[in-house]
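Read the structure below first, then the notes.
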Amino acid sequence: MGNWLGCFRSKGFREGHGSRGKRSSRLVRKMPAEDDLLHRHALVMAMQQHQLSQRFDGSMSRRIGSTSSRKHTPTTSFRKQVPFILENLETKKIILVHGEGFGAWCWYKIIPFLEEAGLHSVTLDLTASGIDNTDINSVMTLADYSKPLIDYLHNLPEDEKVILVGHSCGGASVSYALECFPKKITKAIFLTGTMVLDGQRPFDVFAEELASAEVFMQDSQVLLYANGKDKPPTGLMFDKEQLKGLYFNQSSSKDIALALVSMRPIPIAPIMERLSLTKEKYGSVQRYFIQTLDDHMLSPDVQEKMVRENPPDKVFKIKGSDHCPFFSKPQSLGKILLEIAQLT
């Protein structure tokens, strides 16, 4: 996390589209044969996730539902480590909300683990993420960005409840959902997520080690300016090597390859928006925080600060995990999610 500002000012970053894209194209180097093979494998995986998503109609075209009928199941050794079968829960439905740049595809290791234990996993592509084809430059609010999640909760029958899991900046979408539909959510789990206070911006979580939002918006070279340099930036674009170092320092090469061909630019407006959170709504739902202890994107110190300032009901820790435990520590993450699901 301490390397963030240096990364953002690095001249090696890809600088967006249009005339700036010319510089980016000169930075592309020939890929080693092994990397090329990994990218090809990852692209196949991403396409499979796309095809699975297309099985559903309407607003649920971005959902990845039950895995019971899929040909691609986890290995036997992985499945045998599911510690218990869950019964008599208030809800067995768990919604997995991805973080910035990711999509529903990132949960592919976690979904079968949870469903083997009896939970029903739902994943959604937030706006301009995953296979949602919305232009990121049109996403101007957190409400815009979180719309697929809010629509899903809105359409949920009144007698149904869910558990929400928000990764990274997906924590802001979870917080927003808590304020909108507190009675439909039994638990909110922040997975190294932006568990902000009332009046805070998701970006504020990073400000102590990065820079103030004002300095960042003036100084960073990873910002995208779809409307021109004289207008506010509309998105963020990370360099491949920086993604590896910040997000995936403990993840496998195959998962990194999958991420590099699947991640998309990040709409900036949602992470710069101040949230309005109340005790009566947001504060009425049980909250849990999962810390990742080898996280280079959101350092353990920053995570500790969040839980001190906005104490959740319980904190869990995953040793040896980078910012993406669904890749680097899927079994540990899965077990914690199951444990939280059965807490009362």
Looking at every non-hydrogen atom in both residues, tell me the closest pair between [X] and [Y] and how far apart they are.
| X | Y | answer |
| --- | --- | --- |
| A128 | V139 | CB-CG2, 3.9 Å |
| P312 | F289 | CG-CB, 4.0 Å |
| S175 | L277 | O-CD2, 3.7 Å |
| K335 | F113 | N-CE2, 3.5 Å |
| P182 | V285 | O-CG2, 3.6 Å |
| L89 | A341 | CD2-O, 3.6 Å |

N/O donor-acceptor pair under 3.5 Å between [X] side chain and [Y] backbone:
| X | Y | result |
| --- | --- | --- |
| K184 | L156 | yes |
| T194 | V196 | no |
| R264 | I131 | no |
| N155 | D151 | yes |
| Q291 | V315 | no |
| Q200 | V205 | no |
| S173 | S146 | no |
| R274 | G199 | yes |

Q | Partners meeting ring-ring contact (aromatic ring centres under 6.0 Å, His included) with Y282 (sequence neighbours left out) | A |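 None.
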
Pairwise distance [atom1]([X]) to [atom2]([Y]) - rounded to 0.5 angstrom:
| X | Y | atom1 | atom2 | value |
| --- | --- | --- | --- | --- |
| M306 | L298 | CE | CG | 4.5 Å |
| L191 | Y288 | CG | OH | 15.5 Å |
| I318 | T192 | CD1 | OG1 | 9.5 Å |
| S276 | L142 | OG | CG | 11.5 Å |
| E273 | R201 | CD | CZ | 11.0 Å |
| I266 | L223 | CD1 | CG | 10.5 Å |

State, with a plain yes or no, whether a side-chain heavy atom of [X] is found less than 4.5 Å away from one of [Y].
| X | Y | value |
| --- | --- | --- |
| L153 | I95 | yes |
| I110 | V165 | no |
| L236 | I271 | yes |
| P148 | T127 | yes |
| K244 | K240 | yes |
| E179 | L275 | no |
| L224 | I136 | yes |
| D255 | Y108 | yes |

Same apolar cluster: [X] and [Y], side chain cutoff 4.5 Å:
| X | Y | value |
| --- | --- | --- |
| F203 | Y225 | yes |
| M140 | M272 | no |
| F316 | W107 | yes |
| I189 | L197 | no |
| V307 | L293 | no |

(Q) Can you tell me how the ring of F327 sits relative to the ring of F248, calling it parallel under 30°, perpendicular over 60° and tilted otherwise? (A)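 Plane angle between 30° and 60°, so tilted.
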
Q: Report the relative orientation of the aromatic rings in H167 and H323; use parallel for angles under 30°, tilted for 30 to 60°, perpendicular for over 60°.
A: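 Tilted.
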
Among side-chain atoms of [X] and [Y], is any donor-acceptor pair under 3.5 angstrom?
| X | Y | result |
| --- | --- | --- |
| S129 | D132 | no |
| E100 | Y247 | yes |
| E160 | T91 | no |

(Q) Does atom NZ (K147) have a neighbourhood of more than 12 heavy atoms from anything else shown, all under 6.0 Å? (A)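 Atom NZ in K147 is not crowded, with 12 or fewer foreign heavy atoms closer than 6.0 Å.
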
**Q.** NZ/K281: more than 12 non-hydrogen atoms of other groups inside 6.0 Å
**A.**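 No, NZ of K281 has 12 or fewer neighbouring heavy atoms, counting only those of other groups under 6.0 Å.
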
Q. Checking side-chain contact (heavy atoms from CB on, under 4.5 Å) for the pair K109/L333: CA distance, chi angles, key distance, verdict?
A. CA-CA 10 Å; K109 289 182 178 179; L333 173 58; over 6 Å; no

Q.
Testing D322, D294, D295 one by one against Q250 for a side-chain hydrogen bond (donor to acceptor under 3.5 Å, both in side chains), which residue passes?
A.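 Only one option passes, and that is D294.
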
Q: From the options D135, N227, N137, select the one residue that forms a side-chain hydrogen bond (donor to acceptor under 3.5 Å, both in side chains) with T234.
A: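 Of the listed options, the one satisfying the test is N137.
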
Q | Result of checking T123, L126, L124 against H98 for side chain to side chain contact (heavy atoms under 4.5 Å, CB included) | A |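 Of the listed options, the one satisfying the test is L126.
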
